*Asks:* 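Sending over a structure as structure tokens; questions will come in a sec.
On a predicted model such as this, the values are computed, not experimentally measured, just so you know. Whatever order the structure lists ligands and atoms in, that order sets their numbers, starting from 1.
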Amino acid sequence: MKILFFSLLLIISTTVTNANDGYKLWLQYNQLENPSEWQKDCFEQYKINGSSSTLDIIDDEIQKASMGFFQKVANQEQNNPKLIISKISDLDLKKFKLDATKITDLGSEGFFIQELVTDSQDKTTIVAANTDIGLLYGTFHLLQKIQKNEWIPIEGIFQSPKTQHRLLNHWDNLDRTVERGYSGFSIWNWHRLPRHIDQQYIDYARANASIGINGTVLTNVNANSLVLTPEYLEKVKALADTFRPYGIKVYLTARFSSPIEIGGIKTADPLDKEVQNWWNKKAKEVYEYIPDFGGFVVKADSEGQPGPHNYGRTQADGANMLADAVAPFGGIVMWRAFVYSEKTPDDRHKQAFNEFKPLDGTFRENVIVQVKNGAIDFQPREPFHPLFGAMPKTPLMMEFQITQEYLGHDTHLAFLAPMYEEVLKEDTYVNGEGSEVAKTVDGSLHSHKLTAMAGVANIGTDRNWTGHHFHQANWFAYGKLAWDPYETSENIAEDWLKLTFTNNPDFVDPVKEIMLDSREMVVNYMTPLGLHHIMAESHHYGPGPWVTGGSRADWTATYYHQADENGIGFDRTSTGSNALGQYAEEIQTKWGDVNSIPEEHLLWFHHVSWDHQLQNGDNLWNNLAKYYQKGVEEARKNVKIWESLKGKIDDDRHQHVLSFMTIQAEEAEWWRDACLLYFGQFSKMPIPEGVEKPKYDLEHYMNYNPKNVPGI
Ligand code: BDP
């Protein structure tokens, strides 16, 4: 009987090991092949100094890793530990011949890991930090190293985050729909909160801590003031309590008109005393529930959201009112620069800059202005936002979108690290050469202490969190770049693959290439050469270069591509809207000339004729067509490569990814055919050789409108 039971158990557990639904993300803790003595020692004789709920989490993590790596329970050893996890203040510095000054510089979240030799010649791996959270980060780092089969370098690893606040922004509504969310519903089950704490909340916090994310904005930027009522604050508190031991603070979006909606006041004017008092009291109340509440994110005067403009006030007036309310409690306000209006008769590209730049120096110390990576809206490629570097007296933070609103939603594989990296590396030239965007993000360009990065989350109730298994990599990449904006896409891709799938180079090498090229592939089949915002109306899924008319020109495609018989592209040089004038001289000179602008931005800044010759000697139309074709071919090639990797990873994830890649290859054709037919009406040039002819006519594509696309 016993034997039968155990063999049954074995069968079940083998099936479970072979199956993989992706829920464990990059924390797979796969069995180690040929583990080294050092790797084994770390788990056979470890010691954690002190006690706290965070240290319990560390202990639990070591157990989880040990079970995964060796299928064995890890063993604490007090007398002769081989791995010590300890706050610096609890370490015997002399015994390990440690230089304390090197370590104290690590701040409140940094850590160091080193293999040290004591006088008695014992080798011990030390993970040390100034705080428990630093230790948690250090432990995750060590476990990731072990999973990747890497050593700790002799000189040790010293790390601390380069930005202070590393946040996910959830565009989650209280009814659990997610704006621009494609992976199911919101993971916050408000109805069951506060009494039921779902395991997923804990797993969420753990996953975030493992990549250094230390804040979460729970609610949509298109905010609902209900979340600030006691009924919801109870629920927010329950989440904050759950996340705290993982070093994660909770933030909320504040609807500017809340004093009217839930306060019974007639106005929300930021200079009105009654309104100010209301916010002061509200902030105090929030902090009574959540003493370490992070602060507010605000979208104001944008896309129908209320804001200071309603009262003839500035963005600084609005931000400062809220900043004053949270300041006594150490809170911050992240005020979004995504402010534009269809009533302003100017290029949308220019509006945020025009509004915010003159306000430089007028914001309170605890305000940080949250700027999207580009001036329009999370396109597959955008030139960096001209506000970066342009407000020296104001801390600015980066807002990236992780969810793929304009990059094929959940089914199109697009590894976004290269897109983030591209923007972070751009030189703003504001203090001469070497003034990269990353330096505004880490505060070094203008010596700001308050620094932050936000990523619009792609997480939902899908079992694998993100819909496409590979979109877990975008969450991971975001965390890694928020921690260190100078990290490279290549390292991130390789780490993610090893932690999520396998160290096998036969898998890692080709798939890393797929990942690194994937965003450019999407640009190729959607918006090559600087085209932008030509997606279908409202849901933004699929092509819609024909979208025109309606109440808002700035939400149509024709506004952005300006295609006509003379050519295509938005003239943003001095002969056009002169948005280019918002950048430094060096950039104006380079990008202002149709022959020296990087071609990837050509149609963003210039209206050029169809027969304009590009650097390769061929004309614009032919190049455009060939980019679309290239994108299609790349998507098809990925399917082939992926098929050939069957058996190298679990079948479940292999099959899931394959089916999504197949969708992507088909939809790349949809994009190519629709766009070439549409633009071809103006170019009046034939589709060049080597580019496949569209399957249907233009009308077919214009009439095709998928219903009930999620995430609107
Ligand atoms: C756009 C989205 C919209 C968001 C808005 C924002 O289409 O759903 O509300 O950005 O960032 O990308 O506020």
*Asks:* Taking C-beta and beyond as the side chain, do Y560 and T527 meet within less than 4.5 Å on heavy atoms?
*Replies:* no

*Asks:* Taking the six-membered ring of Y340, is the NZ or CZ of R348 close enough (under 6.0 Å from the centre) and on axis enough (within 45°)?
*Replies:* yes

*Asks:* Less than 6.0 angstrom from the centroid, inside 45 degrees of the normal: does K350 satisfy that with respect to the ring of F353?
*Replies:* no

*Asks:* Considering heavy atoms of the protein only, find what lies nearest to atom 5 (C) of ligand 1 and give residue, atom and distance to 0.1 Å.
*Replies:* E303 OE1, 3.3 Å

*Asks:* For ligand 1, does N222 get within less than 4.0 Å through its side chain, its backbone, both, or neither, judged by non-hydrogen atoms?
*Replies:* side chain

*Asks:* Are any of the side-chain nitrogens in E382 or K372 under 4.0 Å away from the carboxylate oxygens of its partner?
*Replies:* no

*Asks:* My understanding is that we take every heavy atom of each candidate and find the minimum distance to atom 6 (C) of ligand 1. Doing that for F338, F378, W555, which one comes out nearest?
*Replies:* F338

*Asks:* Does any N or O in the side chain of E426 come within less than 3.5 Å of the main-chain N or O of P383, such that one atom is a donor and the other an acceptor?
*Replies:* no

*Asks:* In ligand 1, which numbered atoms sit nearer than 4.0 Å to a non-hydrogen atom of E405?
*Replies:* 1 (C), 2 (C), 7 (O), 12 (O)

*Asks:* Find out whether Q379 and M526 are in side-chain contact, i.e. whether some heavy atom of one side chain is under 4.5 Å from a heavy atom of the other.
*Replies:* no

*Asks:* Answer yes or no for R313 and Y311: cation-pi contact, defined as NZ/CZ to six-membered ring centre under 6.0 Å and angle to ring axis within 45°.
*Replies:* no

*Asks:* Among all protein heavy atoms in this structure, tell me which lies nearest to atom 8 (O) of ligand 1, with the distance rounded to 0.1 Å.
*Replies:* E179 OE2, 2.3 Å

*Asks:* Closer than 4.0 angstrom: is that true for some heavy atom of Q305 and an atom of ligand 1?
*Replies:* no

*Asks:* At a 4.0 Å threshold, what atoms of ligand 1 neighbour a non-hydrogen atom of K299?
*Replies:* 4 (C), 5 (C), 6 (C), 9 (O), 13 (O)

*Asks:* Enumerate the atoms of ligand 1 whose separation from the nearest heavy atom of K372 is less than 4.0 angstrom.
*Replies:* 1 (C), 5 (C), 6 (C), 10 (O), 11 (O), 12 (O)

*Asks:* Minimum distance, heavy atoms only, to atom 1 (C) of ligand 1: which one of V221, I376, D377, I712 is it?
*Replies:* D377

